[in-house]
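Report on the following structure.
Computed from heavy atoms alone, side chains included, the values below leave out hydrogens, waters and symmetry copies.
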Amino acid sequence: MLIAAVLRSAAEGTDERRAYRRHNIRLDACVDFDGQPIPFPCVIVDVSSSGAQLFVRLPAGVDEMKLEIEGFDSFLCRVVWRTDTRDGIKFVNDADEVTQRLSKLLKGG
């Protein structure tokens, strides 16, 4: 199955509210935000065309950032929820653009 089609597909569960299906992944990344002298390490836990879940504990007050996947690409995003160890982010870019960019990364993976 093509990853672009999978990322773009709407969730089909009766209890699922997301517009785009999430896919479990373990991928090292960094977030870059104002006031931080070096990129802040994190792990992408799951991803969809609209956002991702990060295993990270960002400082309070960090709401907008750039998610950088080393050697690949970066995405502007904003925090939409947080726990003690994880942050949920929403990509600022259009979902179709994110799908296209992510499919290059996840192809064959």
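Both V31 and F72 are part of a single hydrophobic cluster, where members link through side-chain heavy atoms under 4.5 Å apart. No single ILVMFWY cluster, assembled from side-chain heavy atoms under 4.5 Å apart, contains both V92 and V62.
Going from atom CD of Q53 over to atom OG1 of T83 covers 7.5 Å, rounded to the nearest 0.5 Å. Between the CG atom of L54 and the CD1 atom of I44 there is a distance of 6.5 Å, given to the nearest 0.5 Å. The line from CZ of R78 to CE of M65 is 11.0 Å long, rounded to the nearest 0.5 Å. Put simply, CD1 on I89 and OG on S50 are 10.0 Å apart, with the number rounded to the nearest 0.5 Å. Within the model, atoms CZ of F75 and CD of E68 stand 11.5 Å from one another, a figure rounded to the nearest 0.5 Å. S48 contributes atom OG, which lies 7.0 Å from atom CZ of F91 (distance to the nearest 0.5 angstrom).
Using a 4.5 Å heavy-atom threshold, the side chains of L58 and V79 count as touching. Looking at heavy atoms from C-beta onward, C42 lies in side-chain contact with L67 at the 4.5 angstrom threshold. Looking at heavy atoms from C-beta onward, R57 lies out of side-chain contact with T85 at the 4.5 angstrom threshold. Looking at W81 and R86, their side chains come closer than 4.5 Å, going by heavy atoms from C-beta outward. In this structure, the side chains of Q100 and N93 stay at 4.5 Å or more apart for every pair of heavy atoms.
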Inset, instruction - Carefully, step by step, assess L27 and I69 under the rule side-chain contact (heavy atoms from CB on, under 4.5 Å). - result: CA-CA 8 Å; L27 187 61; I69 302 170; 3.9 Å; yes
Inset, instruction - Run the numbers on V56 and F40 for side-chain contact (heavy atoms from CB on, under 4.5 Å), then give the verdict. - result: CA-CA 9 Å; V56 66; F40 203 89; 3.6 Å; yes
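Applying the salt bridge (Lys or Arg N to Asp or Glu O under 4.0 Å) criterion to D73, with sequence neighbours excluded, gives R101.
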